[in-house]
Amino acid sequence: MLLRENPDLVKRSQEARGDSVAAVDEALAADADRRASITSFEALRASQNAFGKTVAQAPPAEKKALVAQAQNLAAEVKAAGVVAAEAEARFTSVMRTIANPIIDGVPAGGEANFATLRTHGEIPTFDFEARDHLEIGELLGAIDMGRGAKVSGARFYFLRGIGARLEIALMNMALDHALAADFIPMITPTLVRPEIMDGTGFLGEHADEIYHLPADDLYLTGTSEVALAGYHSDEILDLTDGPLRYAGWSTCYRREAGSGGKDTRGIIRVHQFNKLEMFTYVLPENAETEHLRLVALQENMLQALGLSYRVIDVAAGDLGSSAARKYDIEAWVPTQNAYRELTSTSNCTTYQARRLDIRYRTETGKTAPVATLNGTLATTRWIVAILETHQQADGSVRVPEALRPYLGGLEVLTPIR
Ligand code: AMP
């Protein structure tokens, strides 16, 4: 166990994340307690078994006294069992407060402390006043926020006409990229049991960002990562032929509880959107290579769409509990004069697999947890960057060449009013 083998590494990770370093010592103490209590429970049980044999073989005259002693011993075993169970529960509960140890090189600090790894593409410029994605979406008859609010409330919308077609085109293009890279396409459940939601690490400090249906005790997923991680829960996987790779298409639901007044215009931050998500089960020693592969696939997709972007190494304090490293790709959104996140890819190392009990068989025949990774291949939010980047003076939008086959060859989206 990493905690016991290298507590300093776990402490450094906690510090870089801005989390409690003392929790590591608490966990070590709880671990020592737990192991000591299990040892004394097992020793008592062994002597109980041995004593049981003595009682069985004893002459009838001595039996009565011995049986009384055996009863005392049984009570002691029972009490030691309770102590051991309590110590185990204490250990589990402290361990749950410790996030996945970060990978060496992840920048320390919070949201603003990311490191930019590279940028790609020119920042687009316009010789007319650029419109924002909502203005363009309304000219095209593609986005209807007003009726979204009427039907469902703030942060809901309708994609209509070319807007709906654009989203389906984008998702199909993403799916083709995933298929070419050997991912198995999946359409996943979007309602999951609490243990699956918890196993993926989503019920920690950010639990209030998730919709819960108490009548059924099911959670609405904010990403198909949850269902795809649960897919192989409680299984021993055969990874001898390479990683298992899935591409999950799902609607994603987010309460956006902490977002307050952020991104209230248009579809950049909404309660419901679609996403094609890559998910990999891989041997732990190959996880970092797989992570780079996922980023490369994301970059291919963004480049095919003619978007300008930067790749960032997200700082420790902004990783969430399950990721040991996370690369985000942010595309340039002209009217915001800023890069905005379009993809995120996380190496969760063995964190989710340990909680969901997903293992592989090592060369010695023992089992060990696998590593899991996930990464975005396209979302509804990509429409924002596409519309703004490829807009023209008359409100029309050039369709990136690679997307045209998915829109029946359409080269330009033209305003309907
Ligand atoms: P995450 O799973 O939080 O890393 O997000 C993955 C991707 O989903 C982001 O890069 C966005 O493209 C998209 N996304 C996340 N939250 C929202 C939201 N509230 N509205 C629209 N798109 C979102």
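All ligand and atom numbering here is 1-based and tracks the order in the structure. Heavy-atom basis, side chains included; hydrogens, waters and symmetry copies ignored. Remember, predicted model here, so these are calculated numbers, not experimental data.
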**Asked** What part of Arg381 sits under 4.0 Å from ligand 1 if we count only heavy atoms: the side chain, the backbone, both or neither?
**Response** side chain

**Asked** Any N/O of Val270 closer than 3.5 Å to an N/O of ligand 1?
**Response** yes

**Message:** Using the ring-ring contact (aromatic ring centres under 6.0 Å, His included) criterion, which residues pair with Tyr157? Sequence neighbours excluded.
**Reply:** none

**Request:** Report the residues that fulfil ring-ring contact (aromatic ring centres under 6.0 Å, His included) with Trp332, sequence neighbours left out, ordered by chain and then residue number.
**Result:** Tyr339

**Request:** Answer yes or no: is there an ion pair linking Asp8 with Arg12, defined by an N-O contact shorter than 4.0 Å?
**Result:** no

**Glu195 atom CD, neighbour heavy-atom count above 12 within 6.0 Å** = yes

**Message:** Counting only nitrogen or oxygen atoms and a 3.5 angstrom limit, does Thr379 reach ligand 1?
**Reply:** yes

**Message:** Check Arg118 with Glu299, please: is the shortest side-chain N to carboxylate O separation under 4.0 Å?
**Reply:** yes

**Arg269: numbered ligand 1 atoms lying under 4.0 Å from its heavy atoms** = 18 (C), 19 (N), 20 (N)

**Prompt:** Would you say Leu342 and ligand 1 have an N/O pair spaced under 3.5 Å apart?
**Reply:** yes

**Prompt:** Going by an N to O cut-off under 4.0 Å, is there a salt bridge joining Glu277 and Lys275?
**Reply:** yes

**Contact (N/O only, under 3.5 Å) between Arg254 and ligand 1** = yes

**Prompt:** At under 4.0 Å between heavy atoms, which part of Thr343 makes contact with ligand 1: side chain, backbone, both or neither?
**Reply:** backbone

**Message:** Looking only at distances, can you tell me whether any N or O atom of Glu256, backbone or side chain, sits closer than 3.5 Å to an N or O atom of ligand 1?
**Reply:** yes

**Asp328 and ligand 1 - part of the residue with a heavy-atom distance under 4.0 Å** = neither

**Item:** Aromatic ring proximity, centroids under 6.0 angstrom, Tyr327 and His291
**Value:** yes

**Message:** Taking distance alone, with N or O pairs closer than 3.5 Å, would you say Trp382 contacts ligand 1?
**Reply:** no

